[in-house]
Amino acid sequence: MAKFFDLHPTDPQPRLISQIVDALREGAVIAYPTDSGYALGTQIGNHDGAERIRSIRQLDDKHHFTLVCSDFAQLGQLVVLDNSAFRAIKASTPGKYTFILPATKEVPRRLAHPKKKTVGVRIPDHPVVQAILKELGEPLLSTSLIIPGHEEPLNEGWRIKDELDHLLDIVIEGGDTEPEPTSVIDYTDGSPEVTRHGSGDTTRFE
């Protein structure tokens with residue numbers, strides 16, 4: 001059974017954040033709130049955790065995870081940014097966007113696109129996940145929590161606990177979240193291409 005953590009949505013309790021991060025370091029898979037629905041997360045180096053997430057979402061090995069970062073400095077260690085991408089992404093983060101960009105050598109090869117050598121990154125604007133990321137000190141390997149058969153991410157902790165109790169280690173309640181997933185902006189070819197219109201305003205990238 002998954003442990004249920006009820007965190008304050010704007011001022012999450014440090015003691016509970018520490019317990020969640022300790023569990024992540026021990027291999028946990030968590031469901032956590034973001035500014036665009038809930039997501040599943042585990043440590044970058046947790047191969048078993050990644051496979052568990054694939055199983056929950058019924059994803060094949062071609063699915064690419066997102067690296068969820070605490071800030072722009074951390075994001076900049078993982079991806080290559082030219083001047084125009086730097087300015088546009090810096091002005092849009094934290095926010096409801098996932099950016100596809102060329103990966104640096106800091107990204108494990110198994111997490112980058114095998115041909116394009118790209119990776120998805122995002123900086124969520126949500127106090128709970130920000131507190132987890134800062135305590136953890138590294139990005140989370142993550143994907144939206146969209147249950148097979150549904151089109152939108154789940155956005156209620158209690159419902160996730162009911163439906164996925166036996167598949168997760170931790171479910172975090174952290175206040176209301178929007179159900180709509182992030183907008184996806186692909187910079188693979190150097191200029192922005194909106195590949196998914198989601199909760200983030202894409203005007204800047206069109």
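Side chain of R57 to backbone of I146: a donor-acceptor contact under 3.5 angstrom is found. A distance-only check finds no donor-acceptor pair linking the side chain of D186 to the backbone of E193 [under 3.5 Å]. Here the side chain of E163 pairs no donor or acceptor atom with the backbone of D165 at under 3.5 angstrom. Looking only at distances, a side-chain donor or acceptor of D169 sits under 3.5 Å from a matching main-chain atom of V29.
Residues F5, L7, L16, I17, I20, V21, L24, I30, Y32, V68, V128, I132, L133, L136, L140, I170, I172 make up the rest of the hydrophobic cluster containing V129, defined by ILVMFWY side-chain heavy atoms closer than 4.5 Å, directly or through other members. In the hydrophobic clustering, where aliphatic and aromatic side chains (Ile, Leu, Val, Met, Phe, Trp, Tyr) are joined below 4.5 Å either directly or transitively, V80 stands alone. Grouped with V184 in one hydrophobic cluster are I100, the linkage being side-chain heavy-atom contacts under 4.5 Å among Ile, Leu, Val, Met, Phe, Trp and Tyr residues.
R204 is not listed as a side-chain neighbour of R87, based on a closest heavy-atom distance of 4.5 Å or more. Side-chain contact check for L164 versus V171: every heavy-atom pair is 4.5 Å or farther apart. A heavy-atom distance below 4.5 Å is not found between the side chains of V121 and I89.
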### Task
Start with the C-alpha gap between T34 and T177, add the side-chain angles, then the distance that decides, and say whether side-chain contact (heavy atoms from CB on, under 4.5 Å) holds.
CA-CA 7 Å; T34 79; T177 67; 6.0 Å; no
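Listed by first then second residue, pairs satisfying salt bridge (Lys or Arg N to Asp or Glu O under 4.0 Å) with a partner in residues 106-123 read D35-R122, not counting sequence neighbours. Applying the ring pair (Phe, Tyr, Trp, His ring centres under 6.0 Å) rule to pairs touching residues 96-116 yields H64-H113, Y97-F99, Y97-F205, F99-F205, sequence neighbours excluded.
Shown here are the side-chain contact (heavy atoms from CB on, under 4.5 Å) partners of E178, two or more places apart in sequence or in another chain: K96, S199.
Between the side chains of T143 and R54, no donor N or O sits under 3.5 Å from an acceptor N or O. Using modelled atom types and a 3.5 Å distance limit, the side chains of S36 and T182 yield no donor-acceptor pair.
Listed here is the closest heavy atom pair of P192 and I185: CB-CG2, 3.8 Å.
The local environment of CG in D189 is sparse, with at most 12 non-hydrogen atoms from other residues, nucleotides or ligands closer than 6.0 Å.
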